[in-house]
Amino acid sequence: MAAQCCCRKAPGAEAAPARPPPEPPPALDVASASSAQLFRLRHLQLGLELRPEARELAGCLVLELCALRPAPRALVLDAHPALRLHSVSFRRASATSESPCTFAFPAPGSGPPLPAFADAPGAESAGCPLAFRLDPFTDYGSSLTITLPPEVQAHQPFQVILRYTSTDAPAIWWLDPELTYGNAKPFVFTQGHSVCNRSFFPCFDTPAVKCTYSAVVKAPSGVQVLMSATQSAYVEEEGLYHFHMEHPVPAYLVALVAGDLKPADIGPRSRVWAEPCLLPTATSKLSGAVEQWLSAAERLYGPYMWGRYDIVFLPPSFPIVAMENPCLTFIISSILESDEFLVIDVIHEVAHSWFGNAVTNATWEEMWLSEGLATYAQRRITTETYGVNPSHLMNLFTYEKGYCFVYYLSQLCGDPQRFDDFLRAYVEKYKFTSVVAQDLLDSFLSFFPELKEQSVDCRAGLEFERWLNATGPPLAEPDLSQGSSLTRPVEALFQLWTAEPLEQAAASASAIDISKWRTFQTALFLDRLLDGSPLPQEVVMSLSKCYSSLLDSMNTEIRIRWLQIVVRNDYYPDLHRVRRFLENQMSRMYTIPLYEDLCTGALKSFALEVFYQTQGRLHPNLRRTIQQILSQGLGPSAEPSAEPSAEPSAELGGAEADTNPDSPALLLGDEAPSSTISLRDVNVSA
């Protein structure tokens, strides 16, 4: 059945409107090489062809721009060595509207898609060729400098057309069928946060710049394509997917996923997408719940502005727990094992619809604005929905430092409902823009003038500036006493296991049945043991005897904690469980912590052995990261290769300890630590 393309249609000829007042330039972002401050990006259009057999994406990008200053000499975009530029060209654009284009997809091997514009038929659509060069920038990207023609004038729209192919890109995760649950079809997804999408398409890869976008995607037959867009359509006669995002978003929120995916409605404006074997579980766990959470969030922070809220469950190679791509949250399928973690993680992504997607941090130094506010909103939504907030039990979630500052602000005004009203006004004022911390704090003091009169921003020891820039733990922490009925037995059990004499304490501890506990309680107990490691060997032995088999049957979030305890305590009898876990886990958020722990202790040879046996099932991005971890302490040019030069020793006791704590593991999104750095000290490695 044919469907209308969802790309916007240009209106008829109209009188040119009065020129709007000049927009302020975007905030300077040190993670971007681009010249974003010199241009306004009106819209971007993508023509994409997925080529899974070659692990290649062929693309045509059309950028609609206005220069903010007269006669700019060059346009600089963020790019990546994984991009191979085939051509760059220039054409004038309509002054009154976007200039939608269609894309022609050549035969395989004939290059990237070709653009076609209704106002420039035939060869004119190609535009005038432009000179360009690609220069090194950082270890996560390059700068692409494009020489512009002299006729480019300030505030006059023009288009730059880039045709390219992308292979081995950090943002694009190609999975063979064997790495999916169904083992039936190839799978691909993109992960742009925080600075990866410059390897997906050349762009202003900074959260300070937002624009609308549209895309046309060609994929192999039988492969379902989804994007983070408000409108989508499949035109059967063309065999093409069409997408349009009507609200401005930063580059990192342009996301794509394609594979053997089937939908099921779970609410009036929500559906889940998953591989067929996972769809019944995903549907049963979320049916009706997402609408509850969206409605609660709307009561607190205003209307949901993205239309649909869909969720796609990704294979175990997905590198983080979840990603808040607008209209289409990406989430790792393993989270379905735990109802409690599923609820909290999805509510957190729902909260990002207001804090992060609608109002975005302008630089990655200000990422706490998105994560701290989303964590606060997540907990308010949970309380609004369930009355009791289970995530108050513990600091399981990242960016707690940002949350603590937001919670402190809420306590200053003395009433959670009044603070909700403030956040609602803040979203309304700044929606679809990017902000810095001062925007939030100025708005806060304006909304609560009585607090401004009291100079709460300058209170000794709690100065706002100190909150933002001081290292170490938060200056004030929230009251978690409401969860004390659940945390008290956890703390009591931990104290038993660290008491003497061990025999008596272990006997008392073993009488407590933790299988009746909630997931958060078990996770908190294991976190306490993990923080106390290394433990006396006799304690670890008794812990293993008491809990190992039980924990082995629990969800991934529990098992990873127990296995980290095993590794940090060099407890050899349970290493077979570590091996089995790494043989079956392909997500970096579960594999990287174990490899880091293995390589900072006496178990590096064990880590090498497991890696050599499992590397063929790992995504290339993850494989490279683990190789970097394993290479630490092995000497220069000693990075493990795809094939070992000699079989690693199975003599675990003969392994040399690697005491270098500086792991090269890459910090993506929810993996970044928060308790020992300042709010503005953020790692943006790709």
Side-chain angles (χ1 to χ4, degrees), residues 8 10 14-45 61-79 88-100 127-128 130-133 135 137 141-162 195 197-198 201-214 245 247-254 359-366 429-436 438-439:
R8 292 180 176 177
E14 299 175 0
R19 180 177 298 169
E23 298 180 11
L28 181 63
D29 184 354
V30 296
S32 173
S34 72
S35 55
Q37 291 193 313
L38 303 180
F39 298 89
R40 181 170 71 89
L41 179 59
R42 302 199 307 170
H43 186 71
L44 69 83
Q45 302 176 73
L61 168 68
V62 180
L63 297 173
E64 299 191 8
L65 299 151
C66 284
L68 299 179
R69 300 177 187 175
R73 298 179 61 184
L75 167 69
V76 183
L77 300 174
D78 292 302
V88 180
S89 56
F90 167 90
R91 68 186 299 271
R92 297 184 185 277
S94 167
T96 59
S97 65
E98 296 167 5
S99 301
C128 303
L130 297 177
F132 62 90
R133 74 173 190 271
D135 297 312
F137 174 56
S142 308
S143 64
L144 172 62
T145 302
I146 301 166
T147 303
L148 294 176
E151 60 262 31
V152 173
Q153 299 299 315
H155 308 293
Q156 295 299 309
F158 64 95
Q159 293 176 323
V160 173
I161 305 164
L162 304 97
V195 290
N197 262 4
R198 61 192 70 187
F201 55 92
C203 56
F204 293 147
D205 198 2
T206 168
V209 174
K210 292 185 172 185
C211 73
T212 56
Y213 82 87
S214 54
M245 169 51 80
H247 302 304
V249 295
Y252 79 91
L253 290 178
V254 177
V359 184
T360 309
N361 46 278
T363 72
W364 293 116
E365 291 177 320
E366 305 280 20
K429 179 178 180 179
Y430 290 110
K431 64 183 179 183
F432 307 129
T433 68
S434 300
V435 298
V436 295
Q438 202 59 48
D439 295 321

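- Checked against side-chain hydrogen bond (donor to acceptor under 3.5 Å, both in side chains), S32 has the following partners two or more places apart in sequence or in another chain: S34, D78.
- Not counting sequence neighbours, the partners of Q438 by the side-chain hydrogen bond (donor to acceptor under 3.5 Å, both in side chains) test are D442.
- In this structure, A31 and F137 approach most closely via the heavy-atom pair O-CE2, 3.6 Å.
- Applying the ring pair (Phe, Tyr, Trp, His ring centres under 6.0 Å) rule to F132 yields no partners; only residues at least two apart in sequence or on another chain are considered.
- Taking the ring pair (Phe, Tyr, Trp, His ring centres under 6.0 Å) definition, one finds that Y252 meets it with H193, W364, sequence neighbours left out.
- For R133, the side-chain hydrogen bond (donor to acceptor under 3.5 Å, both in side chains) partners are D135, not counting sequence neighbours.
- Under the ring pair (Phe, Tyr, Trp, His ring centres under 6.0 Å) criterion, F432 pairs with H247, W306, not counting sequence neighbours.
- We find the OH-NE2 distance between Y213 and H43 to be 10.0 Å, quoted to the nearest 0.5 Å.
- When all heavy atoms are compared, the tightest approach of P149 to L130 is CD-CD2, 3.7 Å.
- Between the OG1 atom of T363 and the CG atom of L28 there is a distance of 9.0 Å, given to the nearest 0.5 Å.
- If you take CG on D29 and CZ on F204, they are separated by 12.5 Å, rounding to the nearest 0.5 Å.
- The side chain to side chain contact (heavy atoms under 4.5 Å, CB included) test with V160 is passed by exactly one of V62, L65, L61: L65.
- Every residue two or more places apart in sequence or in another chain that forms a side chain to side chain contact (heavy atoms under 4.5 Å, CB included) with L38 is listed here: S35, R69.
- The heavy-atom pair separating A93 from Q159 by the smallest distance is CB-CG, 3.8 Å.
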Kindly determine whether L77 and L162 satisfy side-chain contact (heavy atoms from CB on, under 4.5 Å), including the steps that lead there. CA-CA 11 Å; L77 300 174; L162 304 97; 4.1 Å; yes

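- Note that CD1 of I146 is 9.5 Å distant from OG of S89, once rounded to the nearest 0.5 Å.
- Partners of K431 under the salt bridge (Lys or Arg N to Asp or Glu O under 4.0 Å) rule, at least two apart in sequence or in another chain, are E428.
- Considering only residues two or more places apart in sequence or on other chains, T360 meets the side-chain hydrogen bond (donor to acceptor under 3.5 Å, both in side chains) condition with K210.
- Side-chain atoms of R198 come within 3.5 Å of backbone N or O of D205 as a donor-acceptor pair.
- Nearest heavy atom pair, residue S143 against residue A33, reads CB-CB, 3.6 Å.
- Among all heavy-atom pairs drawn from V249 and L253, the shortest one is CB-CB, 4.3 Å.
- Put simply, the side chain of Q37 gets close to the backbone of P26: a donor and an acceptor are under 3.5 Å apart.
- Summarising the geometry, atom CG belonging to L44 is positioned 8.5 Å from atom SG belonging to C203; distances are rounded to the nearest 0.5 Å.
- Scanning all heavy atoms of the two residues, the minimum distance from I161 to R91 falls at CD1-CD, 3.7 Å.
- Residues satisfying the side chain to side chain contact (heavy atoms under 4.5 Å, CB included) criterion with T147, sequence neighbours excluded, are A131.
- Here the straight-line distance linking atom SG of C66 with atom CD of Q156 works out to 7.5 Å at 0.5 Å rounding.
- Taking 4.5 Å as the limit, every side-chain heavy atom of F39 sits out of range of all side-chain heavy atoms of L63.
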